[in-house]
Amino acid sequence: MTVAEAERDESAGDFVRSIVRDDIAAGRTAEVVTRFPPEPNGYLHIGHAKSIVLNFGVAEEFGGRCHLRFDDTNPVKEETAFIDSIQADVRWLGYDWAEHLHFASDHFDRLYEWAEYLVRQGKAYVDDSSADEIRAMRGTLTEPGTESPFRDRPAAENLDLLRRMRAGEFKEGARVLRARIDMGSGNINLRDPVLYRILRASHPRTGETWCIYPTYDFAHGQSDAIEGVTHSLCTLEFADHRPLYDWLIDNLPVPARPRQYEFARLNLAHTVLSKRRLIRLVEEGHVAGWDDPRMPTLAGLRRRGVPPAAIRDFARRIGVARADNLVDPALLDHCIRDALNDTAERRLAVLRPLKVVIENWPEGRTEMLPARNNPNDPGAGSREIPFGREIWVERDDFMEDPPRKFHRLAPGREVRLRYAYFVTCVGVEKDADGEPVLLRCTYDPETRGGDAPDGRKVRGTVHWVSAAHPAPAEVRLYDHLFSVPEPGANGDFLDDLNPDSLVVLNDCMLEPSLAEPGDAPVQFERQGYFRPDPASRAGRPVFNRVVALRDSWAKIRAKGG
RNA sequence: UGGGGCGUAGCCAAGCGGUAAGGCAACGGGUUUUGAUCCCGUGAUCCCAGGUUCGAUUCCUGGCGCCCCAGCCA
């Protein structure tokens with residue numbers, strides 16, 4: 001964590017932190033212990049990042065610890081591959097759980113003992129009803145449920161049945177263990193919730209050891225208690241489960257008294273974060289995979305080139321509260337630019353090339369011109385880039401008949417070529433469609449490096465690449481995956497896919513230093529931050545646009561300026 | 001005539017009875033060999049209506065609106 005990040009944390013004052021602070025002040029908590037509890041059945045996304053940053057952040061700020069605990073209670077959905085990818089993602093985000101890697105399945109023995117305990121106390125019973133029958137007896141949101149005919153089974157019979165469930169005597173779905181709470185409760189979670197079910201599935205960690213598995217409700221709070229978690233932070237949809245969480249803690253001989261607190265999950269405009277929808281995007285081929293740079297997954301963000309520090313910063317800036325929210329992705333973009341502005345080296349790259357011939361430049365002559373790697377950071381040093389008679393400039397930097405506020409190339413206008421010379425456009429050649437294909441310019445030899453000795457100013461500076469030193473590349477430009485803020489608000493979310501979320505440019509020209517790029521994101525001056533994609537091949541780099549630079553000219557143009 | 005949660009500027013979000021922080025966005029302006037960065041400036045009476053109080057975004061009452069819950073998912 002950087003100093004700036006630490007300072008921000010120092011002043012952070014969300015409701016979770018104020019609860020923790022109060023608990024410490026009142027002596028209720030000696031050491032703060034939190035946990036990030038993913039189910040290993042999918043990839044982590046930026047919504048999980050909010051939870052990770054919160055849990056690890058709170059622990060760090062208060063000198064406690066944060067566990068990584070997998071809630072692996074449903075072997076039919078969970079896979080080892082996700083256990084690995086999730087750990088990699090959390091590490092990449094910048095967090096370390098030290099020796100506290102836990103699994104709910106580590107606690108299966110103890111959980112089972114506690115199930116028997118509840119049975120002996122008359123607080124749980126084995127129900128022979130089918131799933132359909134249980135559903136029917138649960139009642140509705142407005143009507144109370146009805147008690148199961150098996151609800152008053154003697155404890156001894158329940159115990160025998162539970163043991164036989166565990167021993168594998170019954171087929172899947174034949175019986176369940178239920179808590180004996182209150183079928184008339186307005187809170188459906190208290191209408192005798194299922195604690196254990198029979199699942200004939202091989203578990204990624206325990207293999208064939210078990211054929212009964214605890215539900216989330218029975219596993220989560222008890223795992224918290226076993227691990228000494230003090231503050232169990234989860235999202236709002238679990239608020240209804242808190243009475244059950246507390247009931248179990250109250251009725252079991254657990255070694256500690258964890259407390260659950262809920263906060264609002266992150267919603268990001270112009271994207272989707274639900275597991276179900278993300279799966280559809282991947283499986284139906286709307287994106288190239290879980291790590292498609294347009295995906296809000298950590299894998300996707302990583303591949304796009306988003307620095308983990310930017311995600312941490314974003315997670316802190318959105319805050320933690322209990323109100324539903326829909327965060328503007330412009331905030332994430334800002335955090336990314338903010339992180340990259342300080343660190344990314346600058347380079348010149350032409351995305352949509354337009355050839356320029358400098359008519360008064362001698363044929364065959366090449367000059368090496370110094371260029372700063374980061375004008376905002378003198379320590380970043382400089383490099384030399386070749387300049388010659390033929391160069392490429394950006395197609396958008398030329399207009400034959402420009403509006404007054406256009407500060408770039410146009411017939412008769414003089415501009416500065418970044419780090420090179422002033423040039424004046426003296427002619428245009430166009431193709432049959434009237435599209436410019438070549439600009440004829442003259443340069444002023446007195447302006448080497450970009451300053452005129454006579455003090456004259458030019459309004460615009462444009463980037464360029466020497467045509468005699470080509471480093472061709474493919475560049476992929478990304479935009480929001482969905483064209484509307486709330487995909488699916490009016491029908492199928494797939495109807496809202498943005499058809500222009502990916503634009504592939506095949507004829508880009510990079511300055512020679514980019515022919516074999518490193519791994520770090522760089523800024524293509526005046527355009528944005530870009531990072532090499534794993535699809536790069538020798539002699540043919542592929543760059544992903546991480547985020548575009550702010551573009552006030554685009555705004556002026558959009559307003560008809 | 002179920003239970004739970006939430007409503008402060010376009011978007012997040014502080015505020016905990018004393019007269020509305022901050023960030024993003026937007027819009028002005030300055031600096032600038034990136035129309036970038038950086039720097040300055042501009043916006044709310046707090047869902048509504050009553051009430052308590054010298055004073056309410058903060059307390060009370062009543063409305064209105066939005067979200068979550070009827071998996072042997074998490």
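We name chains A, B, ... by the order of the sequence lines, and we start the count at 1 in each one. Quick note: numbers below take in every heavy atom, side chains included, and nothing from hydrogens, waters or symmetry partners. Just so you know, these numbers come straight off a predicted model, no measurement behind them.
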For nucleotides 68-70 of chain B, list the nitrogen or oxygen atoms of the protein found under 3.5 Å from its nitrogen or oxygen atoms, one pair per line.
from: B:rA70; atom 1: O2'; to: A:Arg138; atom 2: NE; distance (Å): 3.3

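For the C1' atom pair drawn from B:rC48 and B:rC16, the interatomic distance equals 23 Å after rounding to whole Å. Comparing the P positions of B:rG17 and B:rC60 gives a spacing of 12 Å, expressed to the nearest Å. Taking atom P in both B:rC67 and B:rC12, the straight-line distance is 14 Å, to the nearest Å. With both ends at atom P, the span from B:rC59 to B:rG15 equals 13 Å, rounded to whole Å. Here, B:rG65 and B:rC47 have their C1' atoms 7 Å apart, quoted to the whole Å. Using P as the reference atom, B:rC68 and B:rG62 are 26 Å apart when rounded to the nearest Å.
Environment of CZ in A:Arg456: crowded, with over 12 heavy atoms of neighbouring residues, nucleotides or ligands closer than 6.0 Å. Within a 6.0 Å radius of CD in A:Glu486, other residues, nucleotides and ligands contribute 12 heavy atoms or fewer. A 6.0 Å sphere centred on CG of A:Asp454 holds more than 12 heavy atoms belonging to other residues, nucleotides or ligands.
The pair A:Arg550-A:Asp333 fails the salt-bridge criterion, with no side-chain N (NZ, NE, NH1 or NH2) lying under 4.0 Å from an Asp/Glu carboxylate O. Salt bridge status for A:Arg17 with A:Glu61: present, with a side-chain N to carboxylate O gap under 4.0 Å. Using a 4.0 Å cut-off between charged side-chain N and carboxylate O, A:Lys77 and A:Glu39 make no salt bridge. Between A:Glu394 and A:Arg526, none of the side-chain N atoms (NZ, or NE/NH1/NH2) sits under 4.0 Å from a carboxylate O, so this pair counts as no salt bridge.
At the phosphate of B:rA74, OP1 or OP2 sits under 4.0 Å from a side-chain N or O atom of A:Arg197. Contact annotation: A:Lys555 reaches the phosphate of B:rA26 (side-chain N/O to OP1 or OP2, under 4.0 Å). The side chain of A:Thr142 contributes no N or O atom lying less than 4.0 Å from OP1 or OP2 of B:rG3.
For A:Phe543 and A:Phe530, the gap between ring centers reaches or exceeds 6.0 Å. Annotation: A:Tyr43 is in aromatic contact with A:Phe82 [ring centroid separation under 6.0 Å]. Ring centroids of A:Trp114 and A:Phe218 are separated by 6.0 Å or more, keeping the two rings apart.
Of the residues in residues 319-328 of chain A, those lying under 4.0 Å from RNA chain B by heavy-atom distance are A:Val320, A:Ala321, A:Arg322, A:Ala323, A:Asp324, A:Asn325, A:Leu326, A:Val327, A:Asp328.
Look at B:rC66: its Watson-Crick or wobble partner, with both distances under 3.5 angstrom, is B:rG5. With both pairing distances under 3.5 Å, B:rA74 is matched to nothing as a Watson-Crick or G-U wobble pair. Base pairing of B:rC46 is not made with any nucleotide, judged by Watson-Crick or G-U wobble geometry with both donor-acceptor distances under 3.5 Å.
In this structure, CG of A:Leu266 is placed 10 Å from P of B:rA13, rounded to the nearest angstrom. Here the P atom of nucleotide B:rC72 and the CG atom of A:Leu162 are 17 Å apart, to the nearest Å.
Each of A:Ser18 and A:Glu39 was assigned the nucleotide of RNA chain B with the nearest heavy atom; the assignment lying further toward the 5' end belongs to A:Ser18. In terms of position on RNA chain B, the residue among A:Asp71 and A:Tyr419 whose nearest nucleotide sits closer to the 5' end is A:Tyr419.
With A:Arg322 contributing its side chain and A:Glu262 its backbone, the two residues share a donor-acceptor pair below 3.5 Å.
Classification of B:rG71 as syn follows from a glycosidic angle within 90° of 0.
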(Q) Assess the residue pair A:Phe238 and A:His220 against the criterion (ring-ring contact (aromatic ring centres under 6.0 Å, His included)); give the C-alpha distance rounded to whole Å, side-chain angles, the decisive distance to 0.1 Å, and a yes or no. (A) CA-CA 11 Å; A:Phe238 290 98; A:His220 200 90; 7.5 Å; no
Q) Can you give one letter per nucleotide of nucleotides 35-46 of chain B, 5' to 3': B if a protein heavy atom sits under 4.0 Å from the base, S if only from the sugar-phosphate, - if neither? A) BBB---------
